[in-house]
Structure formats: structure tokens, C-alpha cells
Amino acid sequence: MRLGLALGYWGRGPSPDHVPLAQEAERLGYDSVWTAESWGSDAFTPLAWIAAHTSRIRLGTAVAQMAARPPTTTAMHALTLDHLSGGRLLLGLGLSGPQVVEGWYGRPFPASPLTATREYVAVLRQVLRREAPVELPGRFHAHPYRGPDATGLGRPLKPITHPLRAGLPILLGAEGPKNVAQTTRIADGWLPLYWAPTRPEVYGPALAALPEGFLVAPMAQARVCADVAEGLLPVKAMLGFYIGGMGHTSRNFHADLMARMGYEEEARRIQRLFAEGRREEAVRAVPDAFADEISLVGPRQRIAERLESWRAGPVTDLLVLSPDRETLRVLAELNS
């Protein structure tokens, strides 16, 4: 199991520690560093900056949002950064949810998310292979566009720039069993949002027979500390925001996943509290047990014991979300 450093997205502004953390992770032998985006900083620009200050560590987006860019634009970002970094990019994509897609990007959330994702990846593959001009008679990502308001002048094109790698890895963030199953068929890897090593059945039967070389790269908050309950507070804060605020009460994929993991009553309570503006209560309502099973928190020996269950399953890459250098060092030692 390889280790990756997950930096997430910026808050109020750029963190001055992101490049030094990436450099430290590279020194410790981490395989990859990952950025994200929501409705603030983008995922690709920080990776370009990190690429310029590192030499070996791979560069991943976990995740770049599909609604933010047409697939050909995402392909241009990917092939550009792959060239600039010497072939270090891992392209992680996610569909997000209706609240973000329609509220921030001003686009309709696709009526068939599986079809939209499948078409998006198909266009990316065509661009990166550069075997012929891009053509796809798709429902959501038709190339060329031939909708009722089209001029009729569009023609198939292929990229001017020759991609460095036709097989640049594409990973997908997927939560529902059908989405996970499709991911194993059309992508090179999967980015689980919440991974509980003891509950692989939550994600459906697709994990029982993964393709050769398929990447499973969950993100987990980690912290070496004496007090487990205190160490779980940042995990609970993250969960409270995602489950309560990253979706509507009637349609929230994060809350639905928590419910499938055995915490339905708690998930709905978190949503309700967050919607009522009682955010601190929403965070406190996150069960310690749920926060604990999807993270690595506590004294070194406890983390060492729990790390074994992560290694025993299908996980190929553990993406560590921690700004603490001591925690990064301990995990590197335990995983060596």
C-alpha cells in the first residue's frame, strides 16, 4: 500500500505550508500528493506550483469536478500538467451533487449521472489517445455539438499538443454501488470518500474482482495523539460539513453513504441540525464510532494496529489528510 498526501482545497486563501508539506512527503517516500476543489481554489493550479518544487512525487486531483469544465478542457489541463511535470499526473474526477453543480456552476445536474460520467471519460480517453478527431454522439457530452441551437459548423478536432501519456490514469470519485461498479469498468482507479476497512460490502460486489492494476485510493484524516476523542474532532467537523452542508436534505450523496454504513438516523439528524443553522450541534451529533472507523487517530501503537486492516483489503493508495509532519513521518515508518 502506497501513501499519498491529501492537501484538499484552500480555505480563505492559499496555505504557505502546502509546498513544504509536499516536499516533506516526497522526502519521506510518499508516492503522491493530491489537491481538490469545491467552489474556491481550483485543483490544477496548485499542482503546477507543487510540480515546480518537487521532482518525483506524483500529482493527483481528488477531485477535479466534472461540472467545472467540458471534458476536452479537463483533458487540456491534464495533458499540459502531465508534460510540465514529466508524466506525474493522476487525474481524479468527481460529479459532485445538484447543490454545487446547479448552484455554483450554473449547469443542470445530469438526469443520468452514470451516463454523463461514462461519456465524460470516453471523451477524455479519445483526447489522450489522439488516434483521431474526437467524436461522440453522446446525450450529455456530444462532440461535435449538434443540439437544436447549434450552428452546424462544428467539426471533429484532435488536440494540437501530443499528450505525453495516452494511458494517463483516470480515477473517479464514486459513492453508490452502481457508480462504483461502473468505475471499475471505465476508469483506472477509484477514490472513495469514506472508507471503512471492515465494511467493504457497503460499496457493492464490484470490489470482489477488480481489474489488474486498478487503484483504490481512499482519503483518511490522520493524527498521532494521546487523546483519541480530541483527535477525532477535526474528523467530525469535516463530516458535519459534508453530511450537513454539501447537499440538499432531499438529495445528499454523502449522507446516503453514511446511512448505508449503518448510521442512517444519525445522518438525518446531522442534516436537520445543519439545515437549521445549528452547525456546532451537527458536528457533535457525528458519532465518534463513525469518525473513528474512517480515520487513523490516536497513539502510535493504536494507529499501527489499525493500519493493518487498511493494508489487508483492496486499498492500493492511502491518501493521508494531515498537516502534521510528525503524523506523516510516523505513517511512513509504519508503512515501510
_Neighbour count >12 (heavy atoms, 6.0 Å) for atom NZ, Lys158_ = yes
Give a yes or no answer on whether the side chain of Ser322 reaches the backbone of Arg223 with a donor-acceptor pair at less than 3.5 Å. no
**Asked** Side-chain heavy atoms under 4.5 angstrom apart, residues restricted to Ile, Leu, Val, Met, Phe, Trp, Tyr: same cluster for Val123 and Val101?
**Response** yes
Requested in this report: For the residue pair Tyr120 and His141, categorise the inter-ring angle as parallel (less than 30°), tilted (30 to 60°) or perpendicular (more than 60°).
Outcome: perpendicular
task: Just do the side-chain hydrogen bond (donor to acceptor under 3.5 Å, both in side chains) check on Arg268 and Gln271 with the steps written out, would you?
output: CA-CA 5 Å; Arg268 304 313 169 199; Gln271 286 185 288; 2.9 Å; yes
* Asked: Given the rule in the side chain to side chain contact (heavy atoms under 4.5 Å, CB included) test, do Glu102 and Arg107 qualify, once you have shown the distances and angles that lead to the verdict?
  -> CA-CA 5 Å; Glu102 297 182 0; Arg107 299 173 53 83; over 6 Å; no
- Message: Tell me if the centroids of the rings in Tyr105 and Trp39 come within less than 6.0 Å of each other.
- Response: no
*Before accepting this row, confirm whether a basic side-chain N of the pair Arg165/Asp82 lies closer than 4.0 Å to the acidic partner's carboxylate O.*
yes
Does Trp104 CH2 have over 12 foreign heavy atoms under 6.0 Å away?
-> no
Heavy-atom nearest pair, Val297 first then Cys225, reads CG1-SG, 3.9 Å
Glu26 side chain reached by Ser32 side chain, heavy atoms, under 4.5 Å
no
Can you check whether Met76 reaches Pro159 side chain to side chain, under 4.5 Å on heavy atoms? no
Closest non-hydrogen atoms of Ala217 and Leu319, given as atom of the first, atom of the second and distance, are O-CD1, 3.7 Å
Inset, instruction - Output yes when Asp292 and Lys236 qualify as a salt bridge under the 4.0 Å nitrogen-oxygen rule, no when they do not. - result: no
| Path from Leu210 to Val202 over hydrophobic side-chain contacts below 4.5 Å | yes
task = Return yes if some donor-acceptor pair links the side-chain N/O of Tyr194 with the main-chain N/O of Met219 below 3.5 Å, else return no.
result = no
Next on the checklist: In the structure I gave you, are the side-chain heavy atoms of His143 and Thr72 within less than 4.5 Å of one another anywhere?
Outcome noted: yes
Would you indicate whether the side-chain heavy atoms of Val134 and Leu157 approach each other to under 4.5 Å?
no
Step by step, would you call Leu318 with Val320 a side chain to side chain contact (heavy atoms under 4.5 Å, CB included)? CA-CA 6 Å; Leu318 172 60; Val320 180; 4.2 Å; yes
(request) Mark yes when over 12 heavy atoms from residues, nucleotides or ligands other than Arg306 sit less than 6.0 Å from its CZ; otherwise mark no. (result) yes
- Side-chain contact test, heavy atoms from C-beta onward, threshold under 4.5 Å: evaluate it for Leu59 versus Trp34 and give yes or no. no
So CG of Leu328 and CG of Leu21: to nearest 0.5 Å the spacing works out to 6.5 Å
Practice task
Answer yes or no: is there a donor N or O on one side and an acceptor on the other, between the side chain of Glu175 and the main chain of Leu257, under 3.5 Å?
Solution key: no
Here the gap from His18 atom NE2 to Trp49 atom CH2, rounded to the nearest 0.5 Å, amounts to 14.5 Å
Less than 4.5 Å apart, any side-chain heavy atom of His254 and any of Leu239?
no
Checklist entry - Quick check: does any side chain N or O of Thr54 sit under 3.5 Å from a backbone N or O of Ile57, one acting as donor and the other as acceptor? => result no
Exercise. Quick one: do Arg88 and Asp31 satisfy salt bridge (charged side-chain N to carboxylate O under 4.0 Å, His left out)? Show the steps, please.
Key: CA-CA 10 Å; Arg88 289 192 274 157; Asp31 178 75; over 6 Å; no
Rounding to 0.5 Å, atoms CZ (Arg125) and CD1 (Ile186) come to a distance of 8.0 Å
Distance col, row Thr74:OG1 vs Ile170:CD1, nearest 0.5 angstrom, shows 10.0 Å
Exercise for the section: Taking the side chain as every heavy atom from C-beta outward, state whether Arg269 and Tyr263 have any pair of such atoms under 4.5 Å apart. Expected result: no
- [ ] Spell out, as yes or no, whether a donor-acceptor pair under 3.5 Å connects the side chain of Gln65 to the backbone of Glu37.
- [x] yes
- Determine, stepwise, if the pair Leu273 / Arg279 fulfils side chain to side chain contact (heavy atoms under 4.5 Å, CB included). CA-CA 7 Å; Leu273 289 169; Arg279 297 190 177 191; over 6 Å; no
Does any N or O in the side chain of Thr61 come within less than 3.5 Å of the main-chain N or O of Val63, such that one atom is a donor and the other an acceptor?
no
Distance col, row Ile50:CD1 vs Leu7:CG, nearest 0.5 angstrom, shows 5.0 Å
**Asked** Is the closest basic N to carboxylate O distance between Arg272 and Glu281 below 4.0 Å?
**Response** no
* Is the shortest side-chain N to carboxylate O distance from Arg311 to Glu308 below 4.0 Å? -> yes
Rounding to 0.5 Å, atoms CG (Leu81) and CG (Leu89) come to a distance of 5.0 Å
What one should report as the nearest heavy-atom pair of Phe214 and Ala187 is CE1-O, 3.5 Å
Worksheet entry | Trp190 and Leu172, any side-chain heavy atoms less than 4.5 Å apart | no
N/O donor-acceptor pair under 3.5 Å between Thr183 side chain and Asn179 backbone: yes
Closest non-hydrogen contact found for Ile270 with Gly244 is CG2-N, 4.1 Å
Please check: side-chain N/O of Ser41 versus main-chain N/O of Trp10, any donor-acceptor pairing under 3.5 Å? yes
Q. Taking a hydrophobic cluster as the set of Ile, Leu, Val, Met, Phe, Trp and Tyr residues connected by side-chain heavy atoms closer than 4.5 Å, whether directly or through intermediates, do Leu90 and Leu164 fall within one such cluster?
A. no
Minimal heavy-atom distance between Ala64 and Arg69, with the atoms involved, is CB-NH1, 4.1 Å
On a heavy-atom basis, the closest approach of Pro218 and Val216 is CD-O, 3.4 Å
Between Gln23 and His53 (side chain of the first, backbone of the second, donor and acceptor by atom type, cut-off under 3.5 Å), is there such a pair?
yes
Do the side chains of Asp17 and Arg325 get close enough for a salt bridge, i.e. N-O under 4.0 angstrom? yes
Query raised in the report: So does Glu276 pair up with Arg278, basic N to acidic O under 4.0 Å?
Result: yes
Query raised in the report: Are Arg199 and Glu293 ion-paired here, with the side-chain N under 4.0 Å from a carboxylate O?
Result: yes
Worksheet entry | Pair Leu331-Tyr30, side chain to side chain contact (heavy atoms under 4.5 Å, CB included): steps then yes or no | CA-CA 10 Å; Leu331 282 169; Tyr30 279 59; 3.7 Å; yes
Notebook entry, point to check: With no hydrogens and no angle check, is any side-chain donor or acceptor of Glu135 less than 3.5 Å from a backbone partner on Pro156?
Noted result: no
Let me check something: do Leu321 and Leu334 share a hydrophobic cluster, defined by ILVMFWY side-chain heavy atoms less than 4.5 Å apart, either directly or through other members? no
Are Glu333 and Arg329 ion-paired here, with the side-chain N under 4.0 Å from a carboxylate O? yes
#### Entry: Verify same cluster id: Leu171, Val33 (apolar side-chain graph, 4.5 Å)
no
